[in-house]
Amino acid sequence: MSSDNGHKSYQMDSGARMNDSHKHKDKHRDKEHKHKEHKKDKEREKSKHSNSDHRDPSEKKHKDRDREREKEKEKEREREKVKHKDDSLERHRDKEKRREEKMKAHGADGKHKREKENGFASPPHIKSETDDNGYYHSPKHEKSVKRQYEDESEYKPKKVKVENEKKAKKRKHEDYYEEEEEEEDVKPKKKTKDKKLETAPGKKKVKKEPEEKWKWWEEERATDGSKWKFLEHKGPVFAPPYEPLPGHVRFYYDGKPFKLSNGAEEVATFFAKMLDHEYTTKDAFRKNFFKDWKKEMTSEEKAKLTDLNKCDFSEMNDYFKAQSEARKQMSKEEKQKIKEENERILEEYGFCVMDNHRERIGNFRIEPPGLFRGRGNHPKMGMLKRRIRPEDIIINCSKDSERPKPPAGTRWKEVRHDNKVTWLASWTENIQGSIKYIMLNPSSRIKGEKDWQKYETARRLKSCVDRIRNQYREDWKSKEMRIRQRAVALYFIDKLALRAGNEKEEGETADTVGCCSLRVEHIKLYPELDKQDYVVEFDFLGKDSIRYYNKIPVEKRVFKNLQLFMENKQPEDDLFDRLNTSILNKHLQELMDGLTAKVFRTYNASITLQQQLKQLTCSDDNLPAKILSYNRANRAVAILCNHQRAPPKTFEKTMQNLQTKIDEKKKQLSSAKKELKSAKADAKTLHDDKSRKAVETKKKAVQRIEEQLMKLEVQATDREENKQIALGTSKLNYLDPRISVAWCKKYDIPVEKIYNKTQREKFAWAIDMADEDFEF
DNA sequence: ACCCACACTTAGTAGTAGAACT
DNA sequence: AGTTCTACTACTAAGTGTGGGT
């Protein structure tokens, strides 16, 4: 069962481990005591044994896809180049930046301008802290910080919103209209407009995106913990009901056709659709599937169908393939029709009205039933994910809104009005028992504010990261084991951008770890390796069962501490047995308001981007070269954060095609050059205008071709370097978009080159507010 | 101190719409 | 005009972190 995520060894280990897993915890406890008592002695001793290899040396044969192997190398190389440099640089610069940053925060960034633009001289009073500066604090604590802002003098009256709320009901969709015209001046006009709109008959729903987007970032944020005041929506879209198979498509049991009841047939089709996937051959998958399938069978079926291996779904599988083929072959008109229908649904269900604005919903369709496929070696793979009915759904909306109607003949599980949360609907999923939500799109105010806030927190970390680093270095020497562990873990989180590593329930999910949950088996210590001292080799499966493999030299103290932590432990014991994420986060909270482990990832990612951009961009480069630099900077971050992807299936081919094009271009270039030469010769002999002109033309042609060639080559490089690195995740979640926007502005690069449409929508706030001087 | 429920962010990928190519 | 290629988007799993209860 493992092949997908590679790592046989891991899986076996974990399997073996599972049985006595709980014991470990107890063991740990015992150990902890010991550790405490002996720690001093140990410190002395520890230096002796460095790597206590309890592990089977073969362990690291990862059968991972080559991706990983290649990746490792690449990663190592890159890391060396990028990361380490960064580290040192970073630290120096941080100090300076810290100062600068403060200043900046106070007004250099354009936010202020904006605010002014909308023309509100605001009443200085109230919450001065409201962020004019566009700076958010988490409601709880950040006030002090943010408060530094000078311009409390202007901000907008928030009441506007409030007052509009009532109208909102009526108006609902009209809100966006107004925005088109008015955009910046928010409030006053609204009223007038509203009126107009109201009188206007009927549907104004024209599908638009408001040309003028609402600039929520110029408005004040609620401070009372409420996420909205008004919320109205149409409820989710349910999965289409099951359509029984046509009579000629049969299921066979033990070689003979077998007519399945409707319920059993539906579940069978889920399996049939996946036949091509390797995981349908895995034991766990088959076992889980069969067990759940039986639950849907009638008693006769249950009695007869006793062996999954005798089940033949191939005819069903063929049928579905044919269907999808047919779908592809549909005529234009048919496709058009479907498209229109989808748009209609989107218009109707894809938006909600939240506080006077029509906002896009992220996922308004309920997840259809099917077979669960977790990532990596998931113990629950193959289980039936059941169909969600209206009776399972909790609706959240405001009291004064028109509540969504459940489909005819059904009812919601509950309708509540909780404005302390952002979701519109939720249900409990049956595989893990977790709650799923329907929430807004990233372009929405509610997501955007949070995102912005996240980066502000990371920027605050920037200003105290030196202090924190000094502190954890000190803590490496602590007398207390728990403090040392905390300090070493934090060092990893900071230096390597590891995730926090919450504990997980064993047997419920794939066996993956983060920093705090690392086990002894996940690291190896080398007092010396490849000429470097104190090297730690990490090898573990992280989120999504993506392998993290890295060898890095660490400081001697860290190394010694690790030896200490590993003493007397089994491979499957926790490395940091006296630490967990809540202890760590509690500590971080004391170091800085709002600081948690994940902030380090955000901070290190963003600061790395900023540095790399500075370092790699040449103002003389042409556009493609600059973009290559950007992508490289982005790549440095993706490598740091270990964002991988499976190499695209067509990768080789694509590269080949590109190469062909390059070769052609080269030929073209040389012949163009030849022509130029002869044209020059002609011009020399002839001395006439015509030949001179010809020379000019040829010259231009050569230039053009050179440029094209260059562009192709850059593209090829970029692609090659990106083979198994995913840039999207960091771009979307870790890199302060203002850094990118500032870079674009500085080098006069259209943002479209960096962000596609969706991304521009998500980062509208940053695009609007960052100027070229923005400094993270 | 721990546990659990909950809310929300972060993650990779399958499938497809539409661009690019022939 | 059909085919191929690619960039997106939709989807949903898998994390993080908080807070309340015991």
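Numbered from 1 within each chain, the chains take letters A, B, ... in sequence-line order.
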- Scan Arg387(A), Lys436(A), Arg386(A) and name whichever one has a salt bridge (Lys or Arg N to Asp or Glu O under 4.0 Å) with Asp392(A). Arg386(A)
- Query: Does a side-chain N or O from Lys653(A) land closer than 4.0 Å to OP1 or OP2 of dT4(C), or not?
  - Reply: no
- Task: Would you indicate what Thr581(A) reaches in the nucleic acid, counting non-hydrogen atoms under 4.0 angstrom: base, sugar-phosphate, or nothing?
- Result: nothing
- Message: Which residue in the set Glu348(A), Glu340(A), Glu347(A) passes salt bridge (Lys or Arg N to Asp or Glu O under 4.0 Å) when paired with Arg344(A)?
- Response: Glu348(A)
- Query: What nucleic acid atoms does Gly501(A) come within less than 4.0 Å of, heavy atoms only: base, sugar-phosphate, or nothing?
  - Reply: sugar-phosphate
- salt bridge (Lys or Arg N to Asp or Glu O under 4.0 Å) between Glu429(A) and Lys385(A), intermediate numbers included: CA-CA 8 Å; Glu429(A) 155 265 350; Lys385(A) 197 166 93 163; over 6 Å; no
- Task: Test Glu456(A) against Arg459(A) for salt bridge (Lys or Arg N to Asp or Glu O under 4.0 Å), laying out the working first.
- Result: CA-CA 5 Å; Glu456(A) 289 308 320; Arg459(A) 292 173 83 199; 3.1 Å; yes
- Base, sugar-phosphate, or nothing for Lys227(A), non-hydrogen atoms under 4.0 angstrom? sugar-phosphate
- Message: Any base atoms under 4.0 Å from Lys339(A), or only sugar-phosphate, or nothing? Heavy atoms, all strands.
- Response: sugar-phosphate
- Message: Considering every strand and a 4.0 Å limit on heavy-atom distances, what is the contact class for Asp451(A): base, sugar-phosphate, or nothing?
- Response: nothing
- Query: Looking across every strand, which nucleic acid part, if any, lies under 4.0 Å from Asn756(A) by heavy atom: base, sugar-phosphate, or nothing?
  - Reply: sugar-phosphate
- Query: Can you tell me if the side-chain N/O atoms of Lys598(A) get under 4.0 Å from OP1 or OP2 in dT10(B)?
  - Reply: yes
- Message: Looking at dT4(C), I'd like to know if its phosphate oxygens (OP1 or OP2) sit under 4.0 Å from a side-chain N or O belonging to Thr650(A).
- Response: no
- Message: Over all strands shown, is Tyr734(A) touching base, sugar-phosphate only, or nothing at heavy-atom distances under 4.0 angstrom?
- Response: sugar-phosphate
- Select base, sugar-phosphate, or nothing to describe what Lys543(A) touches, counting heavy atoms under 4.0 Å on all strands. base
- Verify the contact: side-chain N or O of His643(A) to OP1 or OP2 of dA11(B), cut-off strictly under 4.0 Å; return yes or no. yes
- Message: Considering every strand and a 4.0 Å limit on heavy-atom distances, what is the contact class for Ser426(A): base, sugar-phosphate, or nothing?
- Response: nothing
